[in-house]
Amino acid sequence: MPLEARVLAVLHPVCAVLGVALLAMLVQHAGPEELGRLLSRAAPWLPLVLLLEVARLSLDAVATWVAYGHRAREVPWRCLLRAQLISTAVSSVSPTGRASGEAAKAALLGQYTGGATAMAAAATSQAASLVSSALVCLPCAFAAYLRTGVSWLTLVLAVHALVLLLVGLGMHTGLHGRAWPPARPLMATLLGRTLQVVQYGILAMAVGIDTTVVEALIAQGLHLVSLAVGALVPGQFGVRDGAFALSAGAFGTTPARAMSIALLAHGTRGLFVLLGSLTPLVWKVRPPGRP
């Protein structure tokens with residue numbers, strides 16, 4: 001096993017334990033009773049949030065599908081949806097996040113187009129995701145500036161947007177010789193991120209925060225940063241919650257209310273991770289060419 005893989009094999013469970021411990025400390029500090037009350041208040045909004053998550057994951061699947069270009073018709077749509085569910089679970093627990101999810105999709109769909117084509121489509125989808133995240137993170141940084149001025153939050157979001165853009169463009173240039181990913185995968189992932197902004201806006205409103213587009217963008221920005229900072233922590237448990245609690249002032253609310261947004265996001269994502277984990281057991285597909 002390569003040294004990097006051995007290091008990750010040790011760090012990943014350690015970070016998972018530390019993340020859960022941090023989450024427990026944050027819950028204790030915010031007050032379990034207060035958090036329980038806030039989460040109960042938000043419950044009626046959860047069906048809408050889950051519906052938006054279904055739409056967002058469907059757009060991720062569309063981004064992968066159109067990344068196949070003229071060979072997209074060779075990929076059965078039902079198999080793509082199955083691969084999307086499985087990749088959602090993989091990306092949530094893997095230290096490399098969405099990159100692992102795209103690799104899992106390529107492994108599952110390569111039997112229809114060949115491994116090289118599937119990996120090229122996965123790389124295109126990943127680059128499109130990075131660039132679209134950067135394009136969304138830029139207004140998130142501006143929203144933080146409107147609320148907090150030139151603060152640590154504004155600077156972190158601005159730097160993160162720049163890094164995402166450079167990595168995404170660099171990845172696509174290195175693989176395909178041109179900077180910008182194709183328009184269709186980019187638009188699909190950008191629409192998915194936009195739906196996620198709406199999700200976070202609804203969650204903020206559901207816990208009693210006076211929410212405008214500014215607050216929704218700040219919440220989305222914190223989500224994107226936590227994905228990077230907490231890459232080694234499965235589900236970013238503790239990391240995302242801490243980021244929201246520390247940024248309560250940007251929302252004009254208490255740490256408990258801000259943290260409850262992250263907790264609800266964990267619950268939403270957790271449901272689809274569970275579905276993705278069970279998918280290989282209950283949803284079987286017949287390999288191409290077999291009767």
Hey, could you give me the [atom1]/[atom2] distance between [X] and [Y], rounded to the nearest 0.5 Å?
| X | Y | atom1 | atom2 | answer |
| --- | --- | --- | --- | --- |
| Leu85 | Thr279 | CG | OG1 | 4.5 Å |
| Leu224 | Arg240 | CG | CZ | 9.5 Å |
| Cys137 | Leu130 | SG | CG | 12.0 Å |
| His160 | Leu165 | NE2 | CG | 11.5 Å |
| Thr194 | Gln220 | OG1 | CD | 8.5 Å |
| Leu157 | Tyr145 | CG | OH | 14.5 Å |

Do [X] and [Y] belong together in a cluster built from hydrophobic side chains that touch within less than 4.5 Å?
| X | Y | result |
| --- | --- | --- |
| Val159 | Leu169 | no |
| Leu46 | Leu39 | yes |
| Val239 | Val225 | yes |
| Leu195 | Leu135 | no |
| Leu227 | Val229 | no |

Under 3.5 Å, is there a donor-acceptor pair between the side chain of [X] and the main chain of [Y]?
| X | Y | result |
| --- | --- | --- |
| Ser260 | Arg257 | yes |
| Trp65 | Ala72 | yes |
| Ser91 | Arg98 | no |
| Glu102 | Ala99 | no |
| Thr189 | Ser132 | no |
| Asp60 | Leu57 | no |
| Ser125 | Ala63 | no |
| Arg82 | Trp283 | yes |

Does [X] reach the side chain of [Y], with side-chain heavy atoms less than 4.5 Å apart?
| X | Y | value |
| --- | --- | --- |
| Leu222 | Ile261 | no |
| Arg269 | Thr88 | yes |
| Phe237 | His266 | yes |
| Glu53 | Leu271 | no |
| Val150 | Thr154 | no |
| Met259 | Leu23 | yes |
| Ile202 | Leu52 | yes |
| Leu264 | Trp45 | no |

Discussion item. Which label fits His223 and Tyr200: parallel for a plane angle under 30°, tilted from 30 to 60°, or perpendicular past 60°?
Written reply: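 Taking Tyr200 first and then His223, their aromatic rings sit tilted (interplane angle of 30° to 60°).
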Worksheet item: Which heavy-atom pair separates Gln236 from Gly230 by the least distance, and what is that distance?
Response: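 Heavy-atom minimum between the residues: NE2-O, 3.3 Å.
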Practice prompt. Take Met187 and Arg184, measure what side chain to side chain contact (heavy atoms under 4.5 Å, CB included) needs, and give me the verdict at the end.
Written response: CA-CA 5 Å; Met187 286 303 300; Arg184 292 191 297 171; 5.9 Å; no
Discussion item. Can a side-chain donor-acceptor contact be found between Gln126 and Ser129 if the only test is distance below 3.5 angstrom?
Written reply: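 Side chains of Ser129 and Gln126: no pair found under 3.5 Å.
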Discussion item. My understanding is that only residues two or more places apart in sequence, or in another chain, count here; which of them pass side chain to side chain donor-acceptor pair (under 3.5 Å) with Arg37?
Written reply: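 In terms of side chain to side chain donor-acceptor pair (under 3.5 Å), with neighbours along the sequence ignored, Arg37 is linked to Glu34.
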Discussion item. I'd like to check the side chain to side chain donor-acceptor pair (under 3.5 Å) partners of Ser247; sequence neighbours left out, ordered by chain and number.
Written reply: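 With neighbours one apart ignored, the set is empty.
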Worksheet item: So does Tyr112 have more than 12 non-hydrogen atoms from other groups sitting under 6.0 Å from OH?
Response: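 Count over threshold, so yes.
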